[in-house]
Number of protein chains: 4
Amino acid sequence: MGAVKTKRMPRAVRERQMLDAAVRIFGRRGYRAASMDEIAELAGVSKPLVYLYLNSKEDLFTACLRREATALTRAVREGVRPDLPADRQLWEGLRAFFAHTAEHPDGWSVLRSQARTHGEPFAAEVAAMREEIVAFVTRLIAVAAREAHRDPDLPEREVAGLAEALVGAAESLAAWANTTPGVTARQAAATLMNFAWSGLGALREGRGWVPPAGEG
Amino acid sequence: MGAVKTKRMPRAVRERQMLDAAVRIFGRRGYRAASMDEIAELAGVSKPLVYLYLNSKEDLFTACLRREATALTRAVREGVRPDLPADRQLWEGLRAFFAHTAEHPDGWSVLRSQARTHGEPFAAEVAAMREEIVAFVTRLIAVAAREAHRDPDLPEREVAGLAEALVGAAESLAAWANTTPGVTARQAAATLMNFAWSGLGALREGRGWVPPAGEG
Amino acid sequence: MGAVKTKRMPRAVRERQMLDAAVRIFGRRGYRAASMDEIAELAGVSKPLVYLYLNSKEDLFTACLRREATALTRAVREGVRPDLPADRQLWEGLRAFFAHTAEHPDGWSVLRSQARTHGEPFAAEVAAMREEIVAFVTRLIAVAAREAHRDPDLPEREVAGLAEALVGAAESLAAWANTTPGVTARQAAATLMNFAWSGLGALREGRGWVPPAGEG
Amino acid sequence: MGAVKTKRMPRAVRERQMLDAAVRIFGRRGYRAASMDEIAELAGVSKPLVYLYLNSKEDLFTACLRREATALTRAVREGVRPDLPADRQLWEGLRAFFAHTAEHPDGWSVLRSQARTHGEPFAAEVAAMREEIVAFVTRLIAVAAREAHRDPDLPEREVAGLAEALVGAAESLAAWANTTPGVTARQAAATLMNFAWSGLGALREGRGWVPPAGEG
DNA sequence: CATGAATGAGGATTCATTCAT
DNA sequence: CATGAATGAATCCTCATTCAT
């Protein structure tokens, strides 16, 4: 099921194949349980070539992390039109997030589950990636607060906590949406948006955030 | 630094020591990176004894999972008084959750981060535990909805999604609270409760959920 | 040809077997070319046991070095009676040196040839051992100079150089004696002693240092 | 830091660059620890070219050995004027030896330390080289003996032993001189000459061999 | 019960060497 | 000529697991 074994490919292509394979294996097995043998085989190359191009298991994992993190943050950023009001931005960001993670489950798995491995030396990479996402969300929340007339600056730590919570909720929902049949990315995003924007309290009163209609 | 080496302890005590050690090692290193050697040494027993009592690494991990999951769900359940209104119940549940995870960071780490390792055969164990928590939260949300006069039954799937989101947010915040100096369990719970109950939209209007005063 | 495969030996015995095997392999192949597999097989144990007891290739080599160096310096020291005049002391030291190296050619090979590997982290070990021997010889030479009536203190550096030269000559002769059939340790010692004490110039005049008769 | 990468050099030049690089790497790392990659990079050529010109690691090392051995023996031979008396010849030979090894430490390292690796198939090459040097020294010693009126022929084996000892002493002193700051090749040669010609016994009497003055 | 002794199996990494272009 | 692409074969090392005492 690996890539078709073709000989003499240019380096860039081979590297991409290797990263693809690595993301898949890392995503499914975890960092420690993944074996370079399996990755090389899935990539359709010999192990030494993997080492020649990507140096070590650590570096390979870091490269995966970086690639998937970049792809995810770009997807989210590109999904958001910054001229809209904060709730619309958030809605779009969540939709992009869910869509991307649904399309790249292994990449998402690498980012989410496997990156938490403490003690491994790429902790910095992981932290940086996560911080980038949290910073993005923090900005959105801050915008929301700034748009409000009262209480323009929430305590910084409060905002950070909210961002953490939102990201965690999104992560959790992404996993749920990906494993529960019949749940689409859009529905997951709507659920989360509803939760995030209006809160559970609104349920009591039958209110809630309503997703804008008719955008696919 | 392991347990003091004492001879001839009753089996139950020895087993507890082993589980304590295992939770600590598994929590800090992850399933694959944890070594039976290290666990045995930390427990202050010989390796064969670990195998005699707990069979295999897998079984040992499963036992850790089960113990920590039970402890966490019990803590949450016991923290909640079911006669109160839903928001108070949720608040108390969250407080109990954050307090417990703050006091048992390794156990929480085992449950949260390390258990996600796909492919390992205790996935079922983890799923069961998570489902129990989600079910608990789901019940709370359903109560909240039922307490409301209008729209008494939200679509079941919607509720499930909300519960997932809430649990995910709580998980994420717990990690954040455990690693960010100066953030207490109570603050984390308040942040999440605020977020969950009132939503971000409320921030715009300067409203929000206010934690009940004076309960420690 | 390895040790007889016996099971369940006490640790000390097994360690000795491993060191014996390691000295032999390291001595014949050199540090880099020696493989832990071959050493383990020759020792009649599995590789993990070698690692369990001796940690790493580096540590194993260091242990060999230390053991052989200690044995050699002890043999030389014990061969010398410090109450005799300097030439007799030197003669006895050389005899002991050649006898020991002839009896332990692999150990000698480890010390001499293989230890020179620059960049390896046991350089310190090797240097210490060599310095001990050089210091011993230096002392003998200094004694010889002190026994003389004139010029009681040679420049320190000069003595160091002489000691280096003598040790080098001995090393070289030991190798020669070990590989040239029909050359005994005693003959090698006599040759060197003659060379060292009387010098080549004395040969011109038919003079020379004469080994004391009748001591086997 | 390797050679400047220039295109289209004549084969002889390229080969020289490769040998230069190889001597440096082999001299510093040893045969086994040296990697063809590093050599090729230092030589500023691609690895296949190294193989095209020099066949294999073994052949490359043999070529290094041969080149450096030839250079050393030529330097010694050319440093000696065969019409002088034996002690002057020996003195000049030693001076040439120390000067050459001081100027070509890597080459000397290849010859001395690394060549001892038993089991490798260039043992013959090394032996031949060493024998050539020993033969040269042997001739000098024989001359010294022949110049003497009495005892015109020392036993052949005795002479061989002396030559071994002298070469060993020279090797050792060369290493010492190269690593001890403030010791020049001339001083090392004088020390050794003193040692070799007059012997340690002469020290007792305050006599010794005196290097001829004023020749640089 | 409890443990010191022991290992099969596998995993990361390196290296000399060769084609196809 | 010259090189980028590629690999088979080792090598060091670790780990879960089991006996014999």
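Across every non-hydrogen atom of Ala34(B) and Ile25(B), the tightest pair is CB-CG2, 3.7 Å. Here the closest heavy-atom approach between residue Leu19(D) and residue Ala63(D) is recorded as CD2-CB, 3.8 Å. Closest non-hydrogen pair, Leu111(C) versus Leu65(C), comes out as CD2-O, 3.8 Å.
Note on Ala40(C): nothing from the nucleic acid sits closer than 4.0 angstrom, heavy atoms only. Looking at heavy-atom distances under 4.0 Å, Ala34(D) makes contact with sugar-phosphate atoms alone, never a base.
Among dG11(E), dA6(E), dT18(E), the nucleotide with an atom closest to any side-chain atom of Asp37(A) is dG11(E).
One interatomic measurement links the two molecules: CG of Leu54(C) to P of dT14(F), which rounds to 13 Å at whole-angstrom precision. Between the P atom of dC15(F) and the CD atom of Glu38(B) lies a distance of 9 Å, rounded to the nearest Å. Between the CG atom of Leu52(A) and the P atom of dG8(F) there is a distance of 15 Å, rounded to whole Å. Rounded to whole angstrom, the span from the CD atom of Glu41(C) across to the P atom of dC12(F) amounts to 14 Å. Look at CD1 on Ile25(C): it is 16 Å from C1' on dC12(F), rounded to the nearest Å. The CG-P distance, from Leu60(A) to dG11(E), rounds to 15 Å in whole Å. The CZ atom of Arg29(A) sits 12 Å away from the P atom of dA12(E) (whole-angstrom rounding). For the pair Arg32(B) CZ and dA12(E) C1', the interatomic distance rounds to 14 Å; values are reported in whole Å.
Stacking of Arg11(B) on the aromatic ring of Tyr53(B) is recorded, both the 6.0 Å distance cut-off and the 45° axial limit being met.
The base of dT7(E) does not come close enough to the side chain of Lys47(C) for any donor and acceptor atom to sit less than 3.5 Å apart.
Panel note: side chain Thr70(D), backbone Arg66(D); a donor-acceptor pair is recorded below 3.5 Å.
Fit an axis to the five pairs at each end of the helix from dA2(E)-dT21(F) to dT21(E)-dA2(F) and the two axes sit 20° apart, to the nearest 10 degrees.
The shortest distance between the side-chain N/O atoms of Tyr53(B) and the OP1/OP2 oxygens of dA2(E) is below 4.0 Å. Using a 4.0 Å cut-off, some side-chain N or O of Tyr51(D) falls inside it from OP1 or OP2 of dT17(E). A close approach under 4.0 Å does not occur between any side-chain nitrogen or oxygen of Arg8(C) and OP1 or OP2 of dT21(F).
When the nearest nucleotides of DNA chain E are assigned to Ser46(C) and Met36(D) by heavy-atom distance, the more 5′-ward of the two goes with Ser46(C). If you find the closest nucleotide of DNA chain F to Arg11(A) and to Ala33(B), the one lying nearer the 5' end belongs to Arg11(A). Along DNA chain F, the nucleotide nearest Ser56(B) and the nucleotide nearest Pro10(A) are compared for position; the residue whose nucleotide lies closer to the 5' end is Pro10(A). When each of Lys57(A) and Leu49(C) is assigned the nucleotide of DNA chain E with its nearest heavy atom, Leu49(C) is the one assigned upstream, toward the 5' end.
The NZ atom of Lys57(C) lies 5.5 Å from the OH atom of Tyr31(C); values are rounded to the nearest 0.5 Å.
Look at Glu41(A) and Lys47(A) and you find no salt bridge, because none of the NZ, NE, NH1 or NH2 atoms lies under 4.0 Å from a carboxylate O. We find that Arg67(B) and Asp20(B) are joined by a salt bridge, their nearest charged nitrogen and carboxylate oxygen being less than 4.0 Å apart.
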